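Working notes, beginning with the structure itself.
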Amino acid sequence: EKGTYPHYMLKEIDEQPAVMRNIITAYQGDSGKIELDQDIREAVKNADRLYIIACGTSFHAGLVGKQLLEGIAKVPTEVHIASEFSYNMPLLSEKPLFIFISQSGETADSRSVLVQVKKLGYPTITLTNVQGSTLSREADHTLLLHAGPEIAVASTKAYTAQIAVLTLLAVDVATTKDLHHDFDVIHELSLVAQAMEVLVDQKELMEHLAHNYFETVRNAFYIGRGIDYYVCMEAALKLKEISYIQAEGFAGGELKHGTIALIEEGTPVIAIATQSHVNGSIRSNLKEVAARGANTCIISMESTAEDDDQIILPEVHEYLTPLVAAVPVQLLAYYAALQRDCDVDKPRNLAKSVTVE
Ligand code: M6R
């Protein structure tokens, strides 16, 4: 039920701090530490490479997951769009482990890959929000998202839940492999929940910014580098699917290789700049487009913020910034869609789960 909320999407955005806390509780063992299923641990330990398979928003969560699994757990990880993998299977490693990410657990493109790799005898894990869903039943193991039902077509809390569960997996694998790390995952995810609370309370600011940047435009760009680039892809998908503004997420450094030709007077370009090592370069990309008339906006962290930055995110661990950057971009898409009289929860031509290939 959406209660007093005008739309499920807004309710689901607001639920994200609680979802982070649910995930911690759900995976906390008697020792108070995060404990994943022994079989899942073994499966990851025995693999020489992880293959993440997903579509849409879940694919974008997988891209962030790759950074976590390689950065924290040092496991080589590839991320593939299910429909591409299905028809163009890449060369596989000797001991692959397949991880399917699907909110619904019913996506046909992902299932088609699951069926193929099972035939080849490879081990599989499904990360899903729906216990008993097809992908959960057919995979060897399931990791649940604990996000509660997601009704709006535009995925919000499932995206952040997927990243949070992938974080737990990465840290758990690092611990079992005796890798040295100082990542106190319960503490870090609690900080994320607090930061999300601050951000969901900034609705007036987001409504105002949506009006400023998106009210009448036909296209928009999100730019970022590294992990921020992946969040840009998700930010653009959110904006296009509910507000029908043609939006793209770009790697900051790629702009000058072609896309900058599209910048005109008033084109919105929003930079996500959460990583200190690329802060300078992404800011200079933004200046390049501003000089060509773009209407620029920057989303930065408290530690790297400059005086006139439009959105400043509370500090969290550098690997977890996608979890907090997601909130304002979801709200920007929500208000842009609202201001343009779009059907926020049920955008045209889309279904909540895509059960045909
Ligand atoms: O249920 P799934 O996670 O497998 O769905 C995958 C995509 O269809 C889904 O994320 C879609 O891109 C959303 N509408 C995005 O908001």
Side-chain angles (χ1 to χ4, degrees), residues 1-25 57 61 64 145-152 154-164 167 186-215 222 224 228 231-232 234-235 238-239 242-243 268 270-274 297-318 320-340 344-345:
E1 260 317 298
K2 63 177 187 253
T4 54
Y5 281 93
H7 299 98
Y8 282 106
M9 183 182 178
L10 195 61
K11 173 173 180 266
E12 290 162 5
I13 291 172
D14 271 6
E15 283 170 353
Q16 293 176 107
V19 171
M20 293 297 113
R21 296 188 177 113
N22 283 350
I23 291 172
I24 298 173
T25 315
T57 289
V64 175
L145 298 179
H146 298 285
E150 191 182 64
I151 310 290
S155 182
T156 54
K157 61 176 179 171
Y159 171 74
T160 46
Q162 285 160 348
I163 295 172
T167 309
I186 296 182
H187 175 67
E188 299 298 346
L189 285 177
S190 309
L191 290 181
V192 165
Q194 285 172 30
M196 284 173 158
E197 257 158 14
V198 171
L199 293 162
V200 295
D201 280 344
Q202 294 183 2
K203 294 194 179 68
E204 267 174 41
L205 170 66
M206 301 309 158
E207 191 172 5
H208 166 76
L209 293 173
H211 175 78
N212 243 354
Y213 288 95
F214 299 132
E215 192 161 36
Y222 275 95
D228 291 331
V231 184
C232 286
E234 173 57 12
K238 261 338 43 112
L239 188 63
I242 60 169
S243 77
I270 295 135
I272 303 182
T274 69
C297 173
I298 185 153
I299 303 177
S300 60
M301 304 299 292
E302 270 164 11
S303 56
T304 54
E306 292 182 9
D307 279 349
D308 43 8
D309 289 357
Q310 285 79 0
I311 300 174
I312 299 173
L313 308 171
E315 218 53 38
V316 294
H317 193 284
E318 60 174 351
L320 301 185
T321 61
L323 292 168
V324 291
V327 177
V329 300
Q330 293 164 349
L331 286 168
L332 287 175
Y334 173 79
Y335 286 111
L338 212 60
Q339 288 160 11
R340 296 163 74 104
V344 172
D345 281 341

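What you are looking at is a predicted structure, and each value in this text was computed from that prediction instead of being measured.
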Can you spot which of [options] makes a side chain to side chain contact (heavy atoms under 4.5 Å, CB included) with [X]?
X	options	answer
Leu199	Met196, Glu197, Gln202	Gln202
Thr156	Glu234, Glu15, Gln330, Lys11	Gln330
Leu323	Val316, Val231, Leu191, Leu189	Leu189

So how far is it from [X] [atom1] to [Y] [atom2], rounded to the nearest 0.5 Å?
X	Y	atom1	atom2	value
Leu145	Thr160	CG	OG1	9.5 Å
Tyr159	Gln16	OH	CD	10.0 Å
Tyr335	Leu209	OH	CG	11.5 Å
Ser300	Ile272	OG	CD1	11.5 Å
Phe214	Leu239	CZ	CG	4.5 Å
Ser243	Arg340	OG	CZ	5.5 Å

For residues [X] and [Y], determine if any side-chain heavy atom of one lies less than 4.5 Å from a side-chain heavy atom of the other.
X	Y	result
Ile298	Ile270	no
Ile299	Leu313	yes
Val329	Lys238	no
Glu207	Leu338	no
Arg21	Ser190	no

Heavy-atom closest pair, residues [X] and [Y]:
X	Y	answer
Val19	His146	CG1-O, 4.0 Å
Thr304	Ala273	OG1-O, 4.0 Å
Ala161	Met20	N-CE, 4.0 Å
Ala336	Ala210	N-CB, 3.8 Å
Pro328	Met206	CB-CE, 3.7 Å

- With side-chain hydrogen bond (donor to acceptor under 3.5 Å, both in side chains) as the test, would you mind laying out the steps for Ser303 and Glu315 before giving the verdict? CA-CA 7 Å; Ser303 56; Glu315 218 53 38; 2.7 Å; yes
- Show your reasoning for whether side-chain hydrogen bond (donor to acceptor under 3.5 Å, both in side chains) applies to Thr321 and Thr274. CA-CA 7 Å; Thr321 61; Thr274 69; 2.9 Å; yes
Cut-off 3.5 Å, no hydrogens considered: what does the side-chain donor-acceptor table look like for residues 1-10, sequence neighbours left out?
residue, atom, partner, partner atom, Å
Tyr5, OH, Asp14, OD2, 2.6
His7, ND1, Tyr334, OH, 2.8

- Query: Are the side chain of Glu150 and the backbone of Ala158 linked by a donor-acceptor contact shorter than 3.5 Å?
  - Reply: yes
